[in-house]
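Note sheet for the following structure.
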Amino acid sequence: METRRYFESSGVERSVKSSRYCTATWFVLICSGLLIAGTVSQIWILNQPVYIYEQSGVLYYAGFTEPASSDFDLIASWTKLPVVQLFYDGPDQLRKMVEEILCEIGIQIGLGDFLLIKLRVKDELCHVEVKYRDFSYEENAGASQIREVLSSSLRGIFPILEKPSDGYLVEIRDDVEIKRTHNAIKPVSFLIPEKLYEVAIKGETRLLPEGFYNFFGQIVYLNKNMKIEDSAFFIEGAQMVYKLKNEFLVYRDGKLLYPDGQFLVIDEPYDVLEEKILPKLVAVKAEGGMQINSAILGKYREFLILASGMIVPLDFSWVMKISNPLIEWCAKGDELYVLDLSSFVKAVDLKRKKILWEKHIPGAWGISCFDDYIYVGVGQKVLKLDRNGNVLSEENCNDFGSWREGIIILKSEEEGFIVRNNKGFVVMKNGQATLYMDEPRVFDNVLRVKFFDWGTVVQTETGCWVVEN
């Protein structure tokens with residue numbers, strides 16, 4: 001398509017090609033005694049076609065229509081300013097300051113003569129170096145003077161520049177808005193205004209900008225109006241929390257506090273059940289009638305798994321010795337899998353009270369279940385076993401855990417360490433806990449994490465997060 005336009009004393013130099021996506025027209029214009037040559041073309045910003053005028057890598061115009069005469073007058077004013085190709089050598093955090101200074105002075109960044117700006121900062125000192133054509137400048141100064149020194153050196157290179165006050169502002173929202181604006185720092189500026197979204201959190205509505213947020217330990221990316229409903233909540237000052245029927249009991253400073261205001265002065269219990277309060281240490285009768293005290297390692301259904309290597313029902317009506325002292329356990333259906341200090345992995349049928357098989361895995365340190373497989377950590381690997389104890393595969397790892405989505409493996413100590421539970425796990429790193437139960441949740445300033453049948457309690461420095469299943 002041949003295109004021919006005339007603006008004041010302008011004439012078309014050559015024809016250009018157009019398509020659905022872009023049309024372009026070359027211009028040679030004599031405006032205010034200045035010869036300028038550039039292109040008017042059409043680009044897409046989101047779903048909106050926009051005309052632009054570009055010269056030497058600098059964008060001088062943006063609009064929904066081709067430039068009018070008044071626009072070309074403004075373009076001509078901007079093109080009087082020098083265009084440089086910036087080569088910046090310095091800290092990344094100072095690049096924006098450098099570009100701002102150039103804009104303030106009236107120096108356009110595009111395809112022009114080479115401008116080197118070199119900055120070095122150490123403690124309270126800075127080194128500024130500027131090179132342009134045959135001009136070279138360097139100076140050492142205080143770090144707080146870096147903007148002043150750089151601005152002064154650039155103004156020494158370039159004569160007093162008369163910047164136009166007007167420019168074009170392109171605001172990108174759901175739609176594109178373009179307007180001619182005053183007090184412009186450059187010919188065309190782009191802006192994505194911060195948009196606020198309504199977030200309803202337990203009956204309270206907040207206006208928040210787009211971004212990542214931690215709601216009740218749950219990491220959410222906010223980019224639309226949202227309603228946050230969650231089973232997690234915080235109890236300030238609590239040192240541990242228990243659930244009895246549909247009510248929560250708080251343990252604080254040696255007291256177990258009930259919702260009705262009553263309390264018990266006791267040592268912190270392992271769990272609170274309808275029938276009884278389970279202490280952390282329980283007395284059981286071993287073989288031969290000897291009574292021993294053993295710590296509770298875990299609870300599965302109506303059974304307690306004891307650290308001493310025994311299992312007992314909640315009514316303590318019988319006891320079964322299954323192994324040497326235990327490290328960890330996991331369960332699937334009616335089968336319990338345990339790992340003891342002697343590196344034996346054992347499978348126990350809880351209904352029949354029978355040990356199904358055992359396997360010696362020297363150096364084993366962790367055990368977990370997922371689907372129909374058992375995972376055992378040993379050395380720098382995790383072994384995958386079937387439910388008969390046969391090793392199917394192995395993978396390098398530093399730590400691992402399983403939850404409803406599968407197995408997660410940590411490859412190095414820098415990633416943290418894992419505390420496993422039969423329903424999920426938590427990754428601990430520098431006081432931060434990432435809980436994998438129903439979905440990943442992140443908590444800060446964590447002291448410990450305790451798992452229950454009904455959910456998880458995350459104790460922090462100021463209280464406890466309660467996450468129900």
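A cation-pi arrangement, defined by a distance under 6.0 Å to the six-membered ring centre and an angle within 45 degrees of its axis, is absent between Arg420 and Phe451.
Taken from CD1 in Ile235 to CZ in Phe248, the straight-line distance is 7.0 Å, to the nearest 0.5 Å. Summarising the geometry, atom OH belonging to Tyr300 is positioned 8.5 Å from atom NZ belonging to Lys332; distances are rounded to the nearest 0.5 Å. Atom NZ of Lys255 and atom CD of Gln239 lie 12.0 Å apart (nearest 0.5 Å). Between Asp438 atom CG and Glu405 atom CD the span is 10.5 Å, to the nearest 0.5 Å. Of the inter-residue distances, the one linking Ile296 atom CD1 with Lys280 atom NZ reads 10.5 Å to the nearest 0.5 angstrom. Between the CD atom in Glu177 and the CD1 atom in Ile172 there is a gap of 11.0 Å [rounded to 0.5 Å].
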Note to self: Checking Lys359 against Leu385 for the side-chain contact (heavy atoms from CB on, under 4.5 Å) test, could you report, in this order, the C-alpha distance in whole Å, the side-chain angles of both residues, the deciding distance, and whether it holds?
What the structure shows: CA-CA 11 Å; Lys359 188 177 187 69; Leu385 284 64; 4.2 Å; yes
Check: Can you list the steps and then say if Val282 with Phe316 is a side-chain contact (heavy atoms from CB on, under 4.5 Å)?
Finding: CA-CA 10 Å; Val282 294; Phe316 291 84; 3.9 Å; yes
Check: How far apart are the C-alpha atoms of Phe443 and Val449, what are their side-chain angles, what is the distance that settles it, and do they pass the side-chain contact (heavy atoms from CB on, under 4.5 Å) test?
Finding: CA-CA 10 Å; Phe443 302 93; Val449 178; over 6 Å; no
Margin query: Using side-chain contact (heavy atoms from CB on, under 4.5 Å), reason through Ile361 and Val391 one step at a time and then give a plain yes or no.
Written below: CA-CA 10 Å; Ile361 305 178; Val391 177; 5.6 Å; no
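Ring orientation note: the planes of Trp403 and Tyr436 are nearly perpendicular, at an angle over 60° on the 30°/60° scale. Taking the six-membered ring where tryptophan is involved, the planes of Tyr61 and Tyr168 are perpendicular, since the angle between them exceeds 60° and thus also 30°.
The shortest side-chain heavy-atom distance between Ile327 and Trp365 does not fall under the 4.5 Å cut-off. Side-chain contact check for Val128 versus Leu119: some heavy-atom pair is nearer than 4.5 Å. Side chains of Ile322 and Lys346 form no contact here, defined as non-hydrogen atoms less than 4.5 Å apart. Side-chain atoms of Val446 and Met428, non-hydrogen and from C-beta on, do get closer than 4.5 Å to each other. Annotation: side chain of Ile185 is not in contact with side chain of Glu100 (no heavy-atom distance under 4.5 Å). Counting heavy atoms from C-beta on, the side chains of Arg441 and Val467 come closer than 4.5 Å. Side-chain contact between Lys411 and Asn398 is absent, with no heavy-atom pair separated by less than 4.5 Å. Annotation: side chain of Leu264 is in contact with side chain of Ile277 (closest heavy-atom distance under 4.5 Å).
Remark: the backbone N or O of Ser342 is paired with a side-chain donor or acceptor of His360 at under 3.5 angstrom. Under the 3.5 Å distance criterion, the side-chain polar atoms of Arg252 are matched with a main-chain donor or acceptor of Gly237. Here the side chain of Arg120 pairs a donor or acceptor atom with the backbone of Asp89 at under 3.5 angstrom. The main-chain N or O of Gln108 is never found under 3.5 Å from a side-chain atom of Lys186 such that the two would form a donor-acceptor pair. No donor-acceptor pair closer than 3.5 Å links the side chain of Gln432 to the backbone N or O of Lys429. No side-chain donor-acceptor contact under 3.5 Å links Ser323 to the backbone of Asp340. Checking side-chain atoms of Asp349 against main-chain N and O of Leu356 turns up no donor-acceptor pair under 3.5 Å. A donor-acceptor contact shorter than 3.5 Å is absent between the side chain of Asp399 and the backbone of Leu410. In this structure a side-chain-to-backbone donor-acceptor pair under 3.5 Å is present from Lys321 to Ser308. Under the 3.5 Å distance criterion, the side-chain polar atoms of Asp371 are left unmatched by any main-chain donor or acceptor of Tyr373.
Note on Glu171 versus Arg173: salt bridge recorded, some NZ/NE/NH1/NH2 to OD/OE distance being below 4.0 Å. Salt-bridge annotation for Arg301 and Asp334: present, with a side-chain N of the basic residue lying under 4.0 Å from a carboxylate O of the acidic one. Under a 4.0 Å N-O distance rule, the pair Glu268/Lys450 does not qualify as a salt bridge.
Shown here are the side-chain hydrogen bond (donor to acceptor under 3.5 Å, both in side chains) partners of Arg387, two or more places apart in sequence or in another chain: Tyr337, Asp372. Not counting sequence neighbours, Phe370 has no partner by the ring pair (Phe, Tyr, Trp, His ring centres under 6.0 Å) test.
Taking the six-membered ring for Trp and the full ring otherwise, the centers of Trp454 and Tyr242 sit at least 6.0 Å from each other.
The two residues Phe400 and Ser368 make their nearest non-hydrogen contact at CE1-CB, 3.7 Å. Across all non-hydrogen atoms, the minimal contact from Ala143 to Val121 is CB-CG1, 4.4 Å. Closest heavy-atom contact between Pro269 and Leu278: CB-O, 3.4 Å. Across all their heavy atoms, Tyr60 and Gln55 have their closest contact at CE1-O, 3.6 Å. Between Val241 and Cys464, the closest heavy-atom pair is CG2-CB, 3.9 Å. Between Ala364 and Leu339 the shortest heavy-atom distance is CB-CD1, 3.7 Å.
A 6.0 Å sphere centred on NZ of Lys131 holds no more than 12 heavy atoms belonging to other residues, nucleotides or ligands. When the shell of 6.0 Å around CG of Asp175 is examined, it contains 12 or fewer heavy atoms from other residues, nucleotides or ligands. For Asn183, the CG atom is loosely surrounded, since the number of other residues' heavy atoms within 6.0 Å does not exceed 12. Remark: His182 NE2 is loosely packed, at most 12 non-hydrogen atoms of other residues, nucleotides or ligands lying under 6.0 Å away. For Asn388, the CG atom is densely surrounded, since the number of other residues' heavy atoms within 6.0 Å is greater than 12. Counting non-hydrogen atoms of other residues, nucleotides and ligands closer than 6.0 Å to CD of Glu236 gives a total of 12 or fewer. No more than 12 heavy atoms of other residues, nucleotides or ligands sit less than 6.0 Å from atom CD of Gln262. When the shell of 6.0 Å around CD of Glu302 is examined, it contains more than 12 heavy atoms from other residues, nucleotides or ligands.
Pairs engaging residues 249-291 under the ring-ring contact (aromatic ring centres under 6.0 Å, His included) rule: none recorded [sequence neighbours left out].
Between the side chains of Tyr221 and Glu210, at least one donor N or O sits under 3.5 Å from an acceptor N or O.
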